[in-house]
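Following: one structure in structure tokens, then a few remarks.
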Amino acid sequence: MSTLETPAEMTLSRPTIDPGSRRSTAMLITGAGGEVGHGLISALHNRGVQNVVALDIRELPDLQREQCMETLVGDICDRSVLERLLAMFEITEIYHLAALLSTRAEFTPETAHDVNVGGTLNLLRLAAEQARSHGQRVKFIFPSSIAVYGLDTIEAKNDAGAVAEDAHLRPRTMYGCNKLYCEVLGRYYASYYRQLAQDRVHDLLDFRCVRYPGLISADTLPAGGTSDFAPEMVHAAAAGNPYACFVREDTRIPFMSMPDATDALLALAAAPQSNLCRRVYNIASFSPSAGELRELVLQHFPDAQITFEPDLARQGIVDSWPAALDDSAARKDWGFAPRHDLGAAFEEYLVPRIRARYS
Ligand code: SER
């Protein structure tokens, strides 16, 4: 048979290679020291998950380390780190969170590409190699972003309303380009990886993705994002610091609380595959303007000093993002139901925890 004829493809059966039975089964989290990683590790710990292996470029704080089975310091761009993981663990699930966010990426776009795309490619490859070695499909959970969208003008943004997954995919940032391409790569690895190879193994990866809106955590501050004005405003108010918001008062994008963000990742991961009609889902909870956020912050912290000093370049990025996301597919397919609307996010989550943090 010529190599161009349909190859005798293999189906995944356990095991294809000696699995090295002494490797322990693990769930891998990359970017574990970041905001979402912080929330996800604690959510998994609270659910009694004991086999989390955390990877980050920096040492994790003690509390997080104690919540993991193993923590590794290493760079996702360094293939030898990933080979070490392959040798040490049978990874059945990957939450690939490591990325350079949209503001930071604009200062070093090629480095951002290396980390956001090169790193993701390494992880997808690791997942495929893992699946081949232990004979089980690897679940690959990937947070994408509102940054994959690009609306050309404020009028277009206002007209667009709640944007659905397949519309307006014209990102203006390197981060948005990277996330959109990685969604496509995930789909490729899940459905077509090595599709012409004689020894192709089908169905190595179960790739699932959410597109996050801006996230607000009570426990951490984001670094290098363009939706950071919302969490920065709340944290500054609680800390008693003045805050100059870098977007206009009328700026509107969707947000959600960190507990809802991590719960959503876990809910998507747990959903029966037969319920999923897509690989990539929008999710969001509330869409206040920056001025409305200020009003709410002032209700809880009446002495807060919040002014608006728009940075035109960052404003341009936020203006290209939708004011709202259509997340009906996530609600229908896997029961996405955030517990915090804007009021509850402040009253039940942000304000009590942030007050305690800064008191
Ligand atoms: N929070 C991200 C950023 O601002 C967008 O998803 O870059």
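We count ligands from 1, going down the list as the structure has it; atoms in each ligand are counted the same way.
Around atom 5 (C) of ligand 1, the closest heavy atom drawn from Ser145, Gly224, Gly225 belongs to Ser145.
Judged purely by atom type and a 3.5 angstrom limit, Thr71 has no side-chain atom pairing as donor or acceptor with the backbone of Arg65.
The pair Asp219-Arg357 fails the salt-bridge criterion, with no side-chain N (NZ, NE, NH1 or NH2) lying under 4.0 Å from an Asp/Glu carboxylate O. The residues Arg248 and Asp311 are annotated as not salt-bridged, no charged nitrogen and carboxylate oxygen being separated by less than 4.0 angstrom. Contact check on Asp333 versus Arg278 returns no salt bridge, with no Lys/Arg side-chain nitrogen under 4.0 Å from an Asp/Glu carboxylate oxygen.
When each atom of ligand 1 is checked for a heavy atom of Leu101 under 4.0 Å away, the hits are 7 (O). Listed by number with element, the atoms of ligand 1 under 4.0 angstrom from any heavy atom of Thr226 are 3 (C), 4 (O), 7 (O).
Of the heavy atoms in Trp321, only side-chain atoms (C-beta onward) come closer than 4.0 Å to ligand 1. Heavy atoms of Ser102 found under 4.0 angstrom from ligand 1 belong to the backbone as well as the side chain.
Of the protein's non-hydrogen atoms, Ser227 OG, 2.9 Å is the one closest to atom 1 (N) of ligand 1.
For the side chain to side chain contact (heavy atoms under 4.5 Å, CB included) with Val148, the lone residue among Glu183, His168, Arg170, Glu165 that qualifies is Glu183.
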